[in-house]
Amino acid sequence: MPDIEMLKDRSAEGSVSTERLPIVDISPYLDPSSSEEARKVASQTLDKACREFGFFYVTGHGLTPEYMKDLLKLGHKFFEQPQEKKDSIHIFKSMDRVRGYQKIGENVTYAKRDQQEALDIYPEPENPSTAQLEGSQLWPSENDLPGFKDTLLDYTEKMKKIGHAFMRAMCDALGHKEMFDQLQDDNYWVLRVIGYPPLPEEYDLDKGISCGAHTDYGCLTFLLADDTPGALQVESKDGSWIPADPIPGAYVVNIGDIIDTLTGHQYKSTYHRVIHRGSNYRVSMPFFFEPKRDQVIRTLPGMVPAGEKAVEPFTYFDHLKRMIYNHFVSNDEALPEKPNANALTQRG
């Protein structure tokens, strides 16, 4: 494990790679009538993509392009609201100070302000409180955005089923059925609706980009994004950056810290960033497929890398809380002196 304070900031450096992300067709794991051979091909393709890139496109997920476009239109409608409407559900007005809307610059990565605004949505506990991640969710009013809440909550249920399909495919590739069965039980999730204004030509990238380079915290991230090219970039093994431009009807999916830890880094939690230089307002909606809240995470037997000690077991929810509360800093407050780097899976 490297010294966190010595980790480099990947946010605004590096060349563009000529590599392209692979494509995984997950449909055999969503079709009960699919053949064993079809599932074998899908699991092997997924295994290769997870080992070599940690990022890939996904087709065969069962959601129509029209449905996906309608979701993105809802995202645009949210950000097109008057500022006072968005501010009325600001995260710092929520019970747990993590749910709701953040202004541009209030999401912080590597001690730099990301040039994005967002709405963060989490499952609501039965008895909301002011404890970390235990509050009630803030939503735009039904009068302002009819159907917004119901549509997005329905979407999370659809995405959990797709996440379950991936856990079954990983199980076929890796074994460890008990763990991958647990990762299909009572799943937590996070949904973000993110808006990216274009970075001005004269903008100093060293002060922060659209979204600084980072890894994700959970099992899998399913990114639904509009057709803006040249924004999302994925770090390759040689340190260059692979463009992850949208493919119509496909998701961009990446491995998060939990799967990375379970597999002893064999499945990669890969750095990625957003530098939006286009002329349009970009909207993306990442869905984070997570374990259940109290899931104990430890590297699976036989997967501890040679020469390394096994990670001390931890619960998913403790990990999420340690990470997520480092990311929101009001524009009126000073930035942290030290970067909010992730000690779990950061690798030099």
Side-chain angles (χ1 to χ4, degrees), residues 24-32 34 39 42-43 46 50 55-65 67-68 70-72 74-75 98-99 119-126 133-134 136-137 139 147-174 176-194 216-225 249-260 262 267 269 284-297 315-317 319-320 324:
V24 176
D25 178 1
I26 198 62
S27 61
Y29 282 91
L30 290 165
D31 178 3
S34 65
R39 292 192 296 275
S43 67
L46 174 63
C50 291
F55 258 85
F56 41 90
Y57 294 101
V58 168
T59 61
H61 46 71
L63 303 182
T64 68
Y67 175 73
M68 297 165 76
D70 285 345
L71 288 167
L72 290 166
L74 274 183
V98 75
R99 302 161 187 268
L119 173 66
D120 281 13
I121 303 165
Y122 300 81
E124 285 194 285
E126 289 186 11
L133 280 172
E134 298 291 353
S136 58
Q137 181 64 44
W139 292 96
F148 186 89
K149 175 181 177 179
D150 289 346
T151 299
L152 292 192
L153 289 179
D154 177 69
Y155 177 59
T156 66
E157 294 303 310
K158 290 179 168 63
M159 295 309 297
K160 283 194 288 184
K161 292 178 182 177
I162 298 171
H164 294 163
F166 274 90
M167 296 302 100
R168 295 193 295 273
M170 287 184 183
C171 181
D172 284 351
L174 298 172
H176 300 283
K177 185 176 188 300
E178 181 180 359
M179 174 55 70
F180 284 102
D181 282 350
Q182 291 176 23
L183 294 177
Q184 299 176 60
D185 177 39
D186 194 23
N187 295 93
Y188 201 73
W189 52 265
V190 182
L191 177 63
R192 302 194 78 212
V193 185
I194 309 175
D216 290 342
Y217 311 142
C219 286
L220 293 172
T221 303
F222 295 86
L223 181 67
L224 173 61
Y251 279 90
V252 177
V253 177
N254 63 279
I255 300 300
D257 296 343
I258 298 302
I259 297 296
D260 183 299
L262 289 171
Y267 282 12
S269 179
S284 72
M285 297 175 66
F287 174 83
F288 301 91
F289 175 81
E290 316 286 66
K292 60 186 175 184
R293 289 168 43 131
D294 61 354
Q295 180 71 54
V296 177
I297 306 299
T315 65
Y316 157 71
F317 214 50
H319 170 58
L320 179 63
I324 205 71

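What you see below is based on every heavy atom in this structure, not just the backbone, and it leaves out hydrogens, waters and symmetry mates. Treat the numbers as computed from the prediction; the structure is a model and nothing was measured.
Annotation: the span from Glu157 atom CD to Asn187 atom CG amounts to 10.0 Å, rounded to 0.5 Å. One distance of note links NE2 of His319 with CD1 of Ile297; it measures 9.0 Å at 0.5 Å rounding. Phe287 CZ to Ile121 CD1: the interatomic distance, rounded to the nearest 0.5 Å, is 11.0 Å. Here Ser43 contributes atom OG and Phe166 contributes atom CZ; the two are 12.0 Å apart, rounded to the nearest 0.5 Å. Here CZ of Phe288 is found 8.5 Å from CG of Leu191. Values are rounded to the nearest 0.5 Å. Here CG of Leu174 is found 10.0 Å from CG of Leu262. Values are rounded to the nearest 0.5 Å.
The backbone N or O of Leu133 sits less than 3.5 Å from a side-chain atom of Arg99, completing a donor-acceptor pair. Looking only at distances, no side-chain donor or acceptor of Thr151 sits under 3.5 Å from a matching main-chain atom of Phe148. Using modelled atom types, one side-chain atom of Asp25 and one backbone atom of Ser27 make a donor-acceptor pair closer than 3.5 Å. In this structure, the side chain of Ser34 engages the main chain of Pro28 through a donor-acceptor pair within 3.5 Å. A donor-acceptor pair under 3.5 Å is formed between the side chain of Gln184 and the backbone N or O of Phe180. Remark: side-chain polar atoms of Tyr29 are paired, donor with acceptor, to backbone N or O of Arg39 under 3.5 angstrom. Checking side-chain atoms of His61 against main-chain N and O of Gly249 turns up a donor-acceptor pair under 3.5 Å.
A pairwise comparison of heavy atoms in Val296 and Met179 identifies O-CE, 4.1 Å as the closest pair. When all heavy atoms of Leu30 and Gly60 are compared, the pair lying nearest together is CD1-O, 3.5 Å. When all heavy atoms are compared, the tightest approach of Ile255 to Asp260 is CG2-N, 4.0 Å. Scanning all heavy atoms of the two residues, the minimum distance from Val24 to Ala42 falls at CG1-O, 4.4 Å.
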Before you tell me yes or no, could you show the steps for Asp294 and Thr315 under side chain to side chain donor-acceptor pair (under 3.5 Å), namely the whole-Å CA-CA distance, both residues' side-chain angles and the distance that decides it to 0.1 Å? CA-CA 6 Å; Asp294 61 354; Thr315 65; over 6 Å; no
Run the side chain to side chain contact (heavy atoms under 4.5 Å, CB included) check on Leu71 and Leu224 step by step: do they pass? CA-CA 9 Å; Leu71 288 167; Leu224 173 61; 3.9 Å; yes
Please walk me through it: do Ile162 and Leu63 pass side chain to side chain contact (heavy atoms under 4.5 Å, CB included)? CA-CA 10 Å; Ile162 298 171; Leu63 303 182; 4.1 Å; yes
Would you sort out whether Leu72 and Met285 count as a side chain to side chain contact (heavy atoms under 4.5 Å, CB included), showing the intermediate values? CA-CA 7 Å; Leu72 290 166; Met285 297 175 66; 4.3 Å; yes
Apply side chain to side chain contact (heavy atoms under 4.5 Å, CB included) to Leu46 and Phe56, showing your working. CA-CA 8 Å; Leu46 174 63; Phe56 41 90; 3.5 Å; yes
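When only modelled atom types and interatomic distance are considered, Asp257 and Ser269 share a side-chain donor-acceptor pair under 3.5 Å. Judged purely by distance below 3.5 Å, without hydrogens or angles, the side chains of Gln137 and Tyr122 never pair a donor atom with an acceptor atom.
Side-chain contact check for Asp216 versus Asn254: some heavy-atom pair is nearer than 4.5 Å. When side chains are defined from C-beta on, Lys292 does not count as touching Leu183, because their heavy atoms never get closer than 4.5 Å. At least one side-chain heavy atom of Leu152 sits under 4.5 Å from a side-chain heavy atom of Val193. You'll find the side chain of Glu134 stays beyond 4.5 Å of the side chain of Glu124, heavy atoms only. Side-chain contact between Arg293 and Asp186 is absent, with no heavy-atom pair separated by less than 4.5 Å.
Checked against the 6.0 Å centroid criterion, the rings of Tyr188 and Phe317 qualify as a close aromatic pair.
For Asp70, the side chain to side chain contact (heavy atoms under 4.5 Å, CB included) test picks out Lys73, with sequence neighbours left out.
Taking 4.0 Å as the cut-off between side-chain N and carboxylate O, Asp154 and Lys158 count as a salt-bridged pair.
Considering Trp189, Tyr217, Tyr316 in turn, Tyr316 is the only one that fulfils the side chain to side chain donor-acceptor pair (under 3.5 Å) rule with Glu290.
Taking the six-membered ring for Trp and thresholds of 30 and 60 degrees, Tyr67 and Tyr155 have ring planes inclined between 30 and 60 degrees apart.
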